[in-house]
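Comments concern the structure below.
All values below come from the heavy atoms of this structure, side chains included, with hydrogens, waters and symmetry mates left out.
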Amino acid sequence: MEVDPDAKLDEELIVRPTSETIIWHTYKNWIQSYRDLPLLINQWANVVRWEMRTRLFLRTAEFLWQEGHTAHATEAEAEEETHKMLEVYRKFAEEWMAMPVLTGAKSEGQKFPGAVYTLCIEAMMQDRKALQAGTSHFLGQNFAKAFNVQFQSKEGKLEYAWATSWGVSTRLIGGLIMTHSDDQGLVVPPRLAPIHVVICPIGKNPEEQKATAEVADKLAADLVALPRDEFYGYDTMTVKVDRDFEKSPGFRFNEWELKGVPVRVEIGPKDLASNACVLARRDQPGKEGKLMGVPLAEAATRIDALLREIQNKLFEKAKAFRDANMHQIDSYEEFKKKIEAPGGFFLAHWDGTKETEDKIAEETKATIRCIPFNLGKEEGKCMVTGNPSKQRVVFAKSY
RNA sequence: CGGGGUGUAGCUCAGCUUGGCUAGAGCGCUUGGUUUGGGACCAAGAAGUCGCAGGUUCGAAUCCUGUCUCCCCGACCA
């Protein structure tokens, strides 16, 4: 390929079609025998897309994503991989981001065009709109046939490889923000927080400032010395001591809340007098979330326990909100009203046709977010056409 | 590219309908003092070609014409 000298960019930008084309073009040269399988390539790629309107974090013209591509000798193994990766994404969303998700399959209309089927995780944001947070595709032999990728099996026969692909993107950051944050600012779940604990020594004169800062440093050292475990990804806790005495304590408290640091420790002269400190938890902003008079000797272990509790509470709170705004619904008239206000996820019977899906989307702006794995497994009648339905599917307005 | 909105101090905005003293407020900034456990207080002060160009008028941030900027809604892709 030659670049037009007059159109050459300072920083070269390569625009390509869907990743599968370049991956499978390459796999053709790598796969000859069943011994070459399974094959997995993961890449981080900066993606550029034409977007009529962008939305911070959720729909940017350029974004970073992770994408994996696998090739397998059997259909069953590829399908297993598709489900396995969806589970990896579910665990990351729920256990690290504290963002509850529904798992399920996309409808024919919503799946990736090159896929046999698409699985997804779907989250509910605080405005009750849905966010697709990750997808995992079973591609069948579609790309192997398109790029003629065949391998010789144990039996000596030529067979087309079976494929999957899956990915998540920086969109997850938008999801994290829109799941947990409040009017005081960002709320970051402890397991992903760049700073776990901020310690604010307080003092109105140099003597007090020096004394409280020393205790703050000691506590910071205690926290960093705590045993490493899986909760922190086997890394040490990150602790910041805020010595900005120029600003008022109240200003500093608010500023750290704005940044979403999960736990703040306040150490002032009064605490020093009683060998104690104050713990403030970000998931309960303001004075309500404060634990007064925590003995300094216990502070490190109490903070460690508090971080774990906050992680759980954030997930439970988000899940309770999601569940409180997810309803079974059977009347299309009622659906049309409730999708407008209050909104949320609606479990409804659908006859499985594109026509009905399109009609609902056109009339209500709601789409099928997923055909859930674990919900609504009952037969019924489509809320629009009355035709038979095998199970309920999730409708919502989405980003 | 259509429809709607917007542009005034570093930031957020009021003033425009119905032209009229020297264009305002909050926040921020500077100086001095008092303060410091939830975004400190008092006082003084600096700071604006009212997006740009033209026009109407004795007089334009305000009315008219043109032009530009940014934002919102619209392409079935979330």
(request) Under 4.0 Å between any heavy atoms, over every strand shown, what does A/D358 touch: base, sugar-phosphate, or nothing? Just pick one. (result)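 If one applies the 4.0 Å heavy-atom cut-off, A/D358 turns out to touch nothing in the nucleic acid.
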(message) Counting the atoms with a prime plus P, OP1 and OP2 as sugar-phosphate, which does A/E266 contact under 4.0 Å by heavy atoms, base, sugar-phosphate, or nothing?
(response) base
Rounded off to whole Å, could you give me the [atom1]-to-[atom2] distance for the [X] and [N] pair?
{"X": "A/K365", "N": "B/G74", "atom1": "NZ", "atom2": "P", "result": "7 Å"}
{"X": "A/Q110", "N": "B/C76", "atom1": "CD", "atom2": "P", "result": "14 Å"}
{"X": "A/D183", "N": "B/G38", "atom1": "CG", "atom2": "P", "result": "21 Å"}
{"X": "A/I202", "N": "B/G39", "atom1": "CD1", "atom2": "P", "result": "12 Å"}
{"X": "A/L56", "N": "B/C72", "atom1": "CG", "atom2": "C1'", "result": "16 Å"}
{"X": "A/E362", "N": "B/A75", "atom1": "CD", "atom2": "P", "result": "11 Å"}
{"X": "A/R55", "N": "B/C71", "atom1": "CZ", "atom2": "C1'", "result": "14 Å"}
{"X": "A/K204", "N": "B/G37", "atom1": "NZ", "atom2": "P", "result": "8 Å"}

(message) For A/Y232, does the six-membered ring have the charged nitrogen or CZ of A/R191 within the cation-pi criterion, i.e. under 6.0 angstrom from the centroid and within 45° of the normal?
(response)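 Not flagged: A/R191 not positioned over aromatic ring of A/Y232.
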(request) Kindly indicate whether a cation-pi arrangement holds for A/R369 with A/F346, taking the cut-offs as under 6.0 Å to the six-membered ring centre and within 45° of the axis. (result)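 The answer is no, since A/R369 fails at least one limit relative to A/F346.
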Span that lies between the [atom1] atom of [M] and that of [N], in whole angstrom:
{"N": "B/U57", "M": "B/C1", "atom1": "C1'", "value": "38 Å"}
{"N": "B/A46", "M": "B/G10", "atom1": "P", "value": "15 Å"}
{"N": "B/A14", "M": "B/G51", "atom1": "P", "value": "13 Å"}
{"N": "B/A60", "M": "B/C52", "atom1": "C1'", "value": "16 Å"}
{"N": "B/G45", "M": "B/U49", "atom1": "C1'", "value": "23 Å"}
{"N": "B/G26", "M": "B/U69", "atom1": "P", "value": "34 Å"}
{"N": "B/U34", "M": "B/C27", "atom1": "P", "value": "23 Å"}
{"N": "B/C68", "M": "B/C73", "atom1": "P", "value": "23 Å"}

Are [X] and [Y] ion-paired here, with the side-chain N under 4.0 Å from a carboxylate O?
{"X": "A/R392", "Y": "A/E378", "value": "yes"}
{"X": "A/R308", "Y": "A/D229", "value": "yes"}
{"X": "A/K336", "Y": "A/E340", "value": "no"}

(request) Hey, can you tell me if A/F335 and A/Y332 have their rings parallel, tilted or perpendicular (30° and 60° cut-offs)? (result) parallel
(message) Using heavy-atom distances to pick each residue's nearest nucleotide on RNA chain B, tell me which of A/E122 and A/L258 is more 5'.
(response)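 On the 5' side of the pair lies A/L258.
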(message) Using heavy-atom distances to pick each residue's nearest nucleotide on RNA chain B, tell me which of A/G109 and A/K270 is more 5'.
(response) A/K270
Please confirm whether any donor atom in the side chain of [X] sits under 3.5 Å from an acceptor in the base of [N], or the reverse.
{"X": "A/K290", "N": "B/G38", "answer": "yes"}
{"X": "A/E255", "N": "B/G39", "answer": "no"}
{"X": "A/R252", "N": "B/G37", "answer": "no"}

(message) Less than 4.0 angstrom between a side-chain N/O of A/S248 and OP1 or OP2 of B/U36, yes or no?
(response)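 The answer is no; no side-chain N or O of A/S248 sits under 4.0 Å from OP1 or OP2.
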Could you let me know what [N] is paired to, Watson-Crick or G-U wobble, both distances under 3.5 Å, or none if it's on its own?
{"N": "B/C1", "result": "B/G74"}
{"N": "B/A9", "result": "none"}
{"N": "B/A40", "result": "B/U34"}
{"N": "B/U56", "result": "none"}

Please pick, from [options], the nucleotide with the shortest atom-to-atom distance to any side-chain atom of [X].
{"X": "A/K287", "options": "B/G38, B/G39, B/G37", "answer": "B/G38"}
{"X": "A/P269", "options": "B/G38, B/G37, B/G39", "answer": "B/G37"}
{"X": "A/V278", "options": "B/G38, B/G37, B/G39", "answer": "B/G37"}

(request) Taking all heavy atoms of A/I199 and all of A/A220, pick out the closest pair and write down the distance. (result) CD1-N, 3.8 Å
